[in-house]
Structures are given as structure tokens and as C-alpha cells.
Amino acid sequence: MKYRSARAVTYAVVASLAVAAIRLTPPVEDRPAADVLSALRIAPSWRLHVDTLGRGESLRSLLARGGVSQLVADEALRAASRLDPRRIPAGMPVRIRQENPDSTPSEITLQLSLDRFLHLRRTATGWTETEEKLAWKTDTVLVAGTISSTLYAAMDEGARELPAGARQQLTWSLADIFEYHVDMSRDLQQGDAFRVLAERSIAPTGAVRMGRILAATLTTSGSEHQAVRFGKADGRGEYFDGQGKSLRAAFLRAPLEFRRISSVFGMRFHPILRTWRQHKGTDYAATTGTPVRAIGDAVVSRAGWSNGYGNLLELRHPNGYVTRYGHMRAFARGVRTGAHVSIGQTVGYVGTTGMSTAPHLHFEVLVNGAQRDPRTALRATGGFPIAGADRGAFESLRTRLLAQLDGAAAGSVRVASR
Ligand SMILES: [Zn+2]
């Protein structure tokens with residue numbers, strides 16, 4: 001008796017959860033029927049229980065919560081040969097369908113990923129599994145924005161129709177494209193602007209994923225940087241400016257990846273750290289352990305303790321350039337005096353060693369022995385030109401894509417014509 005009443009309570013709770021969950025979950029095929037029935041105040045002859053797997057929770061425990069007996073759960077899960085028990089994500093949505101509230105479930109659906117469902121169905125001869133893969137829709141969108149505080153805020157403003165995750169992806173991709181030319185965490189000023197033409201994929205659930213950026217412009221301090229992606233025969237693509245010169249250069253403009261710093265620190269300047277003018281360096285606030293990258297190919301000229309700098313790394317680049325990275329928690333494996341490092345390689349980790357009050361990276365650029373402002377010292381001058389054989393194709397692509405970008409208006413996402 002006790003068991004029965006406990007189960008009745010569970011059903012009541014589950015039924016209310018199901019109503020809430022149905023409202024919150026992406027469209028399921030049963031929903032229209034459920035909506036119609038509830039609008040008509042007719043009790044459906046079936047019951048849909050929607051739940052999500054808790055962290056560290058087993059599927060069996062979720063199924064038990066949904067009123068599925070241990071025996072039935074075992075039978076159903078035995079049919080799930082396509083389910084790798086070690087790769088079940090926490091938060092996985094699960095739907096349990098019963099034809100009437102007290103019966104054995106007729107179907108259990110596991111959402112393996114955004115676009116993959118595993119349907120376990122009870123038949124006269126036992127449980128079967130069917131995998132369903134939803135088709136994505138792809139298109140190309142135009143986004144434009146103007147900086148008033150940060151690049152993230154400008155993207156949020158310029159691409160309100162895109163979900164937050166897609167806006168963040170787009171922001172990161174944009175920063176990656178211009179990482180040899182602009183330090184997106186420090187160089188942007190109010191009034192700077194961007195335009196982006198990017199591929200978008202939409203899952204039938206409505207989930208959005210941003211694909212590659214096809215073309216972009218970034219206007220900083222009145223000058224426009226252009227980027228056009230040109231795909232090579234081998235499928236790899238590279239970004240070129242309007243003149244057909246590669247955007248890659250000898251130096252990256254910042255020793256920390258944009259995506260590693262600005263998601264934590266929205267401010268362009270850390271309030272308790274000094275500015276470049278006072279101490280001939282640039283401070284990047286970031287959490288302890290953030291990877292620090294070599295901004296160019298170099299030989300390590302120093303990797304050790306240096307009073308105020310704490311753990312200091314000094315890199316010697318070609319043509320009289322030296323870069324310094326201070327206050328690091330540790331050096332990366334193999335980074336010692338005399339070692340060769342290449343552009344973008346992780347050389348150490350942000351810390352707060354030496355004279356430092358908070359985790360940050362102190363970064364210096366020296367040219368022929370004198371500290372210089374990285375904004376001028378690292379200014380990239382034209383990269384390698386596109387191969388002669390590709391020039392014709394590149395130029396027609398560039399003309400078409402830049403013309404599409406011209407049509408981008410700030411504040412709205414527009415689907416571009418193909
Ligand atoms: Zn500093």
C-alpha cells in the first residue's frame with residue numbers, strides 16, 4: 001500500500017514536471033497533439049514524461065524516476081546497442097512515452113546530441129532501437145556592429161537574432177582572423193566597426209552553429225582591414241586582404257588568445273594594473289594558468305626568475321626583435337634558454353609571480369634593445385601574395401563577397417544571397 005501511494009505521488013509530480021518540461025524542450029512530434037488535447041481539457045490516452053539526466057546519474061535512475069520498472073529499463077537498454085554508456089552526456093534529454101498512465105512505456109527516446117536521437121520502441125517481440133539523425137539547414141548571414149564598449153557587446157547588439165553561443169563563436173572567429181593585425185582585447189575603440197559574412201547551420205531543433213567566416217571587414221581608427229577566405233583545392237582555406245595578400249604575418253598581435261581573456265574580463269584595462277605609458281609594457285589580465293603563446297618564431301634567450309618580473313621569459317626573434325613575458329606561474333615543458341619556439345606555441349602560463357598584485361601577463365616588445373609600443377612595433381606589413389594561378393578566381397570571389405558585405409546594416413542579421 002505504501003508503495004502504491006508513493007507511486008501515485010510520483011505520478012502527480014511527474015505529470016506536472018512533464019507539462020513544464022514539454023514547454024521548455026525543443027519541438028517533439030507529440031507536442032501538437034498534447035497541446036490540442038490540453039486546450040480541449042481532454043485527458044490524453046498517453047503520457048509523455050520528459051526529463052534530463054543529472055550529473056553522474058545513471059539512465060536506470062532517470063528511468064525509475066519516470067516510473068519505468070527496473071525490469072523494463074533493463075530490457076529497453078539491452079536493445080540500445082548504439083548507446084555508448086561511457087559517452088552519455090550529463091543533461092541529456094530523455095522522453096518516456098506511455099500509452100496510458102499505468103502501462104509499460106511504449107517508447108523511450110534519448111537525445112544523444114543536438115541532432116541525434118535514439119528511439120527505443122517496445123514491439124510485440126521485444127525492444128528495438130532506431131537512430132534518427134536530423135538534417136541541418138545551412139545559409140549565409142551578414143552581421144554588422146559598431147564598438148561602444150567591447151567586441152562581445154558589439155556582437156550582441158549587432159546580431160541579436162543569433163543565440164548567445166553563436167554570437168560568441170562569431171566573435172572568436174572574427175578575432176582569430178585578424179590576430180596578426182589587431183589586438184582585439186586592447187586596440188578597439190569606440191566607433192570601430194565590423195562586418196561579417198558567415199556560414200550558419202540550423203538544426204531542426206532550432207539550435208544554431210556558426211560555420212566559417214567567408215569575408216569580414218574591421219575598421220579601426222578609421223582604417224579598414226579586409227579579409228576574404230579563399231579555399232584551396234585541398235579544402236583548406238586561408239584569409240587574404242583585398243589586395244590578395246595573406247593576413248598571416250611574422251608576429252601575432254597579442255601573447256594571449258582573445259578567447260582566453262575576454263570571456264572572464266570584460267574590461268579593456270584592469271583597474272589595479274598600470275598602463276603601458278607608466279612601465280613600458282602591456283598588462284593582460286587573465287586567470288592563473290591561461291596559456292601564453294610566443295608571438296613569433298624565436299630562440300629562448302632567458303627563462304628564469306628575475307626579481308620584479310617573477311618568472312620571466314625572453315624570446316629573441318629575427319631582425320632585432322625581443323619579446324618578454326613576465327609574472328608567469330610556470331614555463332611550458334621544454335622552454336629553456338637556447339630552445340627554439342614557433343609562432344603561436346604555448347611557452348608558459350599566466351601567474352602572479354614577482355611584483356604583481358593579481359594574475360596577469362606583463363608583455364614587452366623591444367626593438368634593438370629599446371621598449372616599444374607593440375601597436376606600432378608589431379604593425380604587420382603585407383603578407384605573402386596569393387599564388388598567381390589563383391589570382392583570377394580570388395579577385396572575382398573578393399569582388400562578390402565585399403559587395404555583399406557592403407549591404408550589411410548594423411543591428412540586424414540578414415540572410416545573404418548565395
Ligand atoms: Zn606590467
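When a ligand or atom number is given, it counts from 1 through the structure's own listing order. Here, residue 1 is the first one in the sequence, and each next residue gets the next number.
- Contact annotation: His327 places no N, O or S atom under 2.8 Å from the Zn ion (ligand 1).
- If you look at His362 and ask which of its N, O or S atoms sits nearest the Zn ion (ligand 1), the answer is ND1.
- Applying the salt bridge (Lys or Arg N to Asp or Glu O under 4.0 Å) test to Arg324 and every residue at least two apart in sequence or in another chain returns Glu314, Glu364.
- When the N, O or S atoms of Asp283 are ranked by distance to the Zn ion (ligand 1), OD1 comes first.
- Using a cut-off of 4.0 Å between Lys/Arg side-chain N and Asp/Glu carboxylate O, Arg122 and Glu107 are scored as not salt-bridged.
- Residues passing the side chain to side chain contact (heavy atoms under 4.5 Å, CB included) test with Arg293 are Glu179, Leu252, Glu257, sequence neighbours excluded.
- With Tyr321 as the aromatic partner, Arg372 does not meet the cation-pi criteria of under 6.0 angstrom to the ring centre and within 45 degrees of the ring axis.
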